[in-house]
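To keep things clear, I will list the structure first and then write my remarks on it.
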There are 2 protein chains.
Amino acid sequence: MTRQRRVILETLRSMPTHPSAEEVYEVVRRELPRISLGTVYRNLETLSELGKIQKLELGGTLKRFDWNTCKHYHIRCINCDRVDDAPVNVMADVEISLDDTTGYRITGHRLEFLGLCPDCLEKAIGRRTLSSHHVAEPPDSAERPDDAPVSKASNF
Amino acid sequence: MTRQRRVILETLRSMPTHPSAEEVYEVVRRELPRISLGTVYRNLETLSELGKIQKLELGGTLKRFDWNTCKHYHIRCINCDRVDDAPVNVMADVEISLDDTTGYRITGHRLEFLGLCPDCLEKAIGRRTLSSHHVAEPPDSAERPDDAPVSKASNF
DNA sequence: CTAACTGCAAAAGCTTTGCTTTTCA
DNA sequence: TGAAAAGCAAAGCTTTTGCAGTTAG
């Protein structure tokens, strides 16, 4: 447990957001100006393996880190990429039936909610319009697309 | 709708897997040897915006693509990264309560199951051991880690 | 003392983008 | 013929890695 590792852990625990490695680096640097980004990456990885923090693989391009190692879900803004905890109970039984039907041995699941955070929502209402090209979810249609191949009907 | 775009769409629709852009490229190249990877990326993006295919942002580093545009869930092997459809009904009501409690306007959710695919499961059983450093999920403990900060108790 | 770790810089992996030429409608 | 798209290559962004020097226990 080096000084660098300790500061990284304490820094993450002080952050209410779910920061990326770069964001942790920016804050840690205030205390350890000579630390390198590589060290931050290595230690976040190590701390995650030690079970002291949690590495989050949500949508978007960046990996994020969470001092809270308990299982819980997240909610991410499709406009500004902010991430908050989702106050939803963890589903305990959702994995059970999958073992038999798929042949997989299920070990976990990840649930992420998407939406507009309060700030972006307010701005969107103010402007009465919001570009839609940020939305990551597929169209809401439950029917087969007009030109989808008939021979490969979906099970869903 | 250029020849390239048409071939890319048909190729994706012929693939039972959930290929990355690179994998689509490899197959498309058999028909259009002079196509460039950039064109594949651009067209997969365009087709996704047109709602003709779905871009998947699952865990792992690669983005994947799915000809099936209906909402459904996926199951990913933590060992070999293979992705299959998860035969689970889409949860219609899970987003409802979040609007009020979080201030977010929820627009969707993403659920991904993790586990060992049948092939990797068999190999693991054969070897009676499997390295655990591929597992992406946090430890199963529901209790507070021994040295977690008491002042920041989790809600979960 | 030595195994683990740091800082630095280079490289790797995936994706996007600028630019010129080609193609589609 | 003009707008959209292709091909090619370079750049971008995030993350990992090699190495020589440093530190913790």
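Here is how names work: the chains are called A, B, and so on, in the same order as the sequence lines, proteins then strands, and each is numbered from 1. Computed from a predicted model, the values in this text were never measured in an experiment.
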query: Judged by modelled atom types alone, do A:Glu112 and A:His74 share a side-chain donor-acceptor pair under 3.5 Å?
result: no

- prompt: Do side-chain atoms of B:Glu122 reach the backbone of B:Asp119 as a donor and acceptor pair under 3.5 angstrom?
  reply: no

- prompt: When you check the phosphate oxygens OP1 and OP2 of C:dC5, does a side-chain N or O of A:Arg5 lie under 4.0 Å from one of them?
  reply: yes

d(CZ, B:Phe65; C1', C:dT15) in whole Å: 10 Å

task: Write down the distance between CG (A:Leu62) and P (C:dG13), rounded to a whole number of angstrom.
output: 19 Å

field: Steps toward side-chain hydrogen bond (donor to acceptor under 3.5 Å, both in side chains) verdict (B:His72, B:Asp66)
entry: CA-CA 11 Å; B:His72 61 286; B:Asp66 194 339; 2.9 Å; yes

field: Side-chain N,O (B:Gln4) to OP1/OP2 (D:dG7) below 4.0 Å
entry: yes

statement: Rounded to whole Å, CD of B:Glu57 lies from C1' of C:dC14 at a distance of 13 Å

field: Below 4.0 Å: OP1/OP2 of C:dG13 and any side-chain N or O of B:Thr61
entry: no

message: Within the 3.5 Å criterion, strictly below it, is a donor on A:Thr39 or A:Ser36 matched to an acceptor on the partner's side chain?
response: yes

- request: Rounded to the nearest angstrom, tell me the gap between atom CD1 in B:Ile35 and atom P in D:dA5.
  value: 14 Å

Phosphate contact (D:dT15 OP1 or OP2) by A:Tyr41 side-chain N/O below 4.0 Å: yes

query: For B:Asp84 and A:Tyr104, does a side-chain donor sit closer than 3.5 Å to a side-chain acceptor?
result: yes

- prompt: Any side-chain N or O of B:Arg34 less than 4.0 Å from the OP1 or OP2 oxygen of D:dC8?
  reply: yes

message: For D:dA6 and B:Ser36 - does any side-chain N or O of the residue sit under 4.0 Å from the phosphate oxygens OP1/OP2?
response: no

Nucleotide C:dA4, atom P - distance to CG of A:Leu47 in whole Å: 17 Å

- prompt: More 5' along DNA chain C: B:Glu45 or B:Met1, using each one's nearest nucleotide?
  reply: B:Glu45

query: Are A:Thr2 and C:dT6 close enough that a side-chain N or O sits under 4.0 Å from OP1 or OP2?
result: yes

Closest nucleotide among C:dC14, D:dG7, D:dT14 to the B:Arg42 side chain: D:dG7

query: Nearest-Å distance, OH (A:Tyr25) to C1' (D:dC13)?
result: 15 Å

message: Rounding to an integer number of Å, can you tell me how far A:Leu44 CG sits from C:dC5 P?
response: 14 Å

message: What is the separation between atom CZ on A:Arg64 and atom C1' on D:dT15, rounded to the nearest whole Å?
response: 15 Å

